[in-house]
Amino acid sequence: MSDNTDNSAVKLETNGVNPVPESERYGTPFGLFPVWFSWNVSILGITYGIYVYSLGMSFMQAIIFGVVGYFLSSTLVGILGVGGPRTGLPTLTQTRIAFGYMGNKFPTLFAYISNMGWKVTIITLSATTGADLFARLFPGVCADAAGSYNHATLIGWFICVLVLSMSVAVYGYQLIIKVEKYIAAVTSVMTVIFIAMIIPHINFSALGSHESADFVTCVGGMVMAMTMVGLGFLNYSGDFCRYLPRNTKAGGIIFWTSTGISLPVAVLLILGVLLADTNPDLTAKAAAQPIKALTDLLPFWFYVPFSIVIIISLLSAAMTGVYSSGLALMALGLPTSRAVTTGLNAMLIAFGAFYLLFVSDSFLSTFQAFLASVSVVLGSMGAIELVDFMRQRRLNWDVTLAAPKGQGGLNCRKGAMISLITASIIGLGTITSWDPNIAHVVGFLLTDDLKDSVFATANVGVIVSMAVAAAMYAVITYVLGRQELPEGYTPKSSS
C-alpha cells in the first residue's frame, strides 16, 4: 500500500493526465461528498432559486422543476464519475476513448472554456463580496462617495482571491481533498444559521400569488437548473474519483457525488424561490448583484462573519475548478506543468472578470447566456460519453485506447464527432441569449418569431442537443455496428 493513503502527510501531486497507478489508489466514495458539498453549499444557491423563479413559474412549479433538474444533472455527473476509478484517468482524458486523441480536443476546448467561465464568475463574486465587506467596515479608505466599494478595493480583493485559489490548485489533489472537508463543515453551520435568519423575510401568507406557467416554461426552468448546477460539472466528474480503487462500487460513486451536489442546492433553491415569490424587488436586485441582494437582508453583526464564510465557500469552488482546468489544458496536449497551466488560467480569469465587472450590463444575462451556450456542447459530450460507457465496459476500460494513433488508440472516432458536431449546431441554433454580445452567435436556426417563443427563451434546445447526440451515437455505434477500434485491436483481459 502506498504512503499516499496517509492523509496526514499531504504531498505535492505528481500525476497529470496519466492513469493513476493502482498502488496510489485509496479512499471510499464517501470522500467525494465533502468535495461536491463544499462547492455547492453557497449563498449563490439561493440566487439560483430566484433565477429559476424569474422565468415566470408559480413557486411550486419552480421548486419541483428546479429540484428535478438538479437531481437529473447531478446524477449524470455521478454516472460519468464512475469512469474515474475504472481507468484512473481524468474525465477529459478518458473522453479520448470515445472521441479519439485528436477529436477529443474539440469537446475539451469547450470544457475548458466552461471551466474558465465558472471560475470567472466564482472568483468575481468572491472579490466583490470581500470588497463590499471592506467598504462597510472601512468606508473612509475602501468606499467611494456613494458608499460602494472603490476600484482599488475591488482589484485588491480580486488579486488576493485569485492567488489563494491558484496556490491550492498548484499543490494538487491531496491538499484539495483535505481543505474541502473543513470548508464543508464551516459553510454548512453558517448556512444553517443564515437560513434561520432569512426565513422571517418570507411572507408565507402571500405565497402562491403568482400564476402557474405552461409546461414548456417549466421545462425551461428545469433546463436552467441543470445548466447552473450539473451540466457544467460533466467535464470533470471523474477528476476527483480517479484516486479511488478500481473496483469501487459504482452505486457509491453515483450516490455520494449526486447527493453532495444536489442536496445543498435543492434546499437553497427552495429558500430562494420562497423569497422571490414574496419579495418582488429581490429578483431585480439579484440579477445585478446576486450576493449583495441577500446579504443586505442580514443584521450587520452577522453580515460580517457570514461574508467571510461566503468568500471561503466560493474559494472552495474556485480551488477545485482551477485544478480541473489545469487538467483540461493538459488533456488538450499543452506540453507544460501544472504550475504553468495554473498561471495561464489566472490570466484568462483576469480578462473574463474585467468583462463581467466593467462591460456586462447584467450579471444574470451574461451568466445565463454563458451557461446555456457551453451546456449545449458539454451536455452533448456527456451524453455521448454515457452511451460509450457500454462499449468501454465491454473493452474492460482499456486506457490504451486514450493514446494517439500508433500507440494504442485512434486520432478520431468519426461517429462520435459527427454526433457531437451535429447536436451542438442544433443546440446553439435553437437557444437564445439575454446578453447582446453572445446573442449574435446563437439562435441562428430560429426565425424572428421563434426567437421570442418559450421554447427558445427557456433554452430547451440544450436538452434537445443532448438527446440528438445520444441517439445519433447509439445508432452509429450499436445499430450500424461502427465500433471504430484500432486495426488489429485485441481487448485486454479483465482484471
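Quick caveat, the model's predicted, so the values are computed rather than measured.
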Considering only residues two or more places apart or on different chains, which pairs with a residue in residues 414-425 satisfy side chain to side chain donor-acceptor pair (under 3.5 Å)? none

Suppose the criterion is side chain to side chain donor-acceptor pair (under 3.5 Å): which pairs have a residue in residues 89-98, not counting sequence neighbours? Gln94-Gln392, Thr95-Asn104

Look up atom [atom1] in [X] and atom [atom2] in [Y], then write down how far apart they are to the nearest 0.5 Å.
| X | Y | atom1 | atom2 | result |
| --- | --- | --- | --- | --- |
| Leu44 | Ile310 | CG | CD1 | 9.5 Å |
| Met222 | Phe215 | CE | CZ | 7.0 Å |
| Leu80 | Glu385 | CG | CD | 6.0 Å |
| Thr108 | Leu378 | OG1 | CG | 10.0 Å |

Mind listing the closest non-hydrogen atom pair of [X] and [Y] along with its distance?
| X | Y | answer |
| --- | --- | --- |
| Pro29 | Thr248 | CG-CG2, 3.4 Å |
| Ala402 | Leu89 | CB-CD1, 4.2 Å |
| Ser380 | Ala423 | OG-CB, 3.6 Å |
| Leu282 | Ala293 | CD1-O, 3.7 Å |
| Ser307 | Thr129 | O-CG2, 3.9 Å |

Pair Ile50-Val273, side chain to side chain contact (heavy atoms under 4.5 Å, CB included): steps then yes or no: CA-CA 5 Å; Ile50 296 173; Val273 170; over 6 Å; no

Could I get the full list of side-chain contact (heavy atoms from CB on, under 4.5 Å) partners for [X], not counting sequence neighbours?
| X | result |
| --- | --- |
| Ile193 | Val189, Met190, Met197, Phe302 |
| Phe110 | Phe106, Val377 |
| Val161 | Ile123, Ser126, Trp157, Ser165, Leu315 |

So, using ring-ring contact (aromatic ring centres under 6.0 Å, His included) as the criterion, who are the partners of [X] when residues are at least two apart?
| X | value |
| --- | --- |
| Phe194 | Phe306 |
| Tyr53 | His210 |
| Trp256 | Phe30, Phe33 |

Side chain to side chain donor-acceptor pair (under 3.5 Å) with Asp452: which residues, sequence neighbours excluded?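 Applying side chain to side chain donor-acceptor pair (under 3.5 Å) to Asp452 gives none.
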
Apply side chain to side chain donor-acceptor pair (under 3.5 Å) to Asn411 and list each qualifying residue two or more places apart in sequence or on a separate chain.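 So Asn411 forms no side chain to side chain donor-acceptor pair (under 3.5 Å) with any residue.
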
If only atom types and distance count, is the side chain of Arg86 paired as donor or acceptor with the main-chain N or O of Arg246 below 3.5 Å? yes

Determine whether a donor-acceptor pair (N or O, by modelled atom type, separation under 3.5 Å) exists between the side chain of Gln483 and the backbone of Thr477. yes

Under 3.5 Å, sequence neighbours excluded: what are the donor-acceptor pairs made by side chains of residues 439-449?
| residue | atom | partner | partner atom | Å |
| --- | --- | --- | --- | --- |
| His440 | NE2 | Pro436 | O | 3.3 |
| Thr447 | OG1 | Leu450 | N | 3.2 |

Under 3.5 Å side-chain donor-acceptor pair for Thr217 and Asp214: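 Short answer, yes.
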
Please walk me through it: do Arg391 and Tyr478 pass side chain to side chain contact (heavy atoms under 4.5 Å, CB included)? CA-CA 9 Å; Arg391 186 181 70 96; Tyr478 303 115; 3.6 Å; yes

Chi angles and distances behind the side chain to side chain contact (heavy atoms under 4.5 Å, CB included) call for Leu428, Val376: CA-CA 7 Å; Leu428 291 172; Val376 164; 4.1 Å; yes

Return all side-chain donor-acceptor pairs below 3.5 angstrom for residues 461-476, not counting sequence neighbours, or 'none' if the list is empty.
| residue | atom | partner | partner atom | Å |
| --- | --- | --- | --- | --- |
| Ser465 | OG | Gly461 | O | 3.4 |
| Ser465 | OG | Val462 | O | 2.6 |
| Tyr473 | OH | Asp388 | OD1 | 2.4 |
| Tyr473 | OH | Arg413 | NH1 | 2.7 |
| Tyr473 | OH | Arg413 | NH2 | 3.4 |

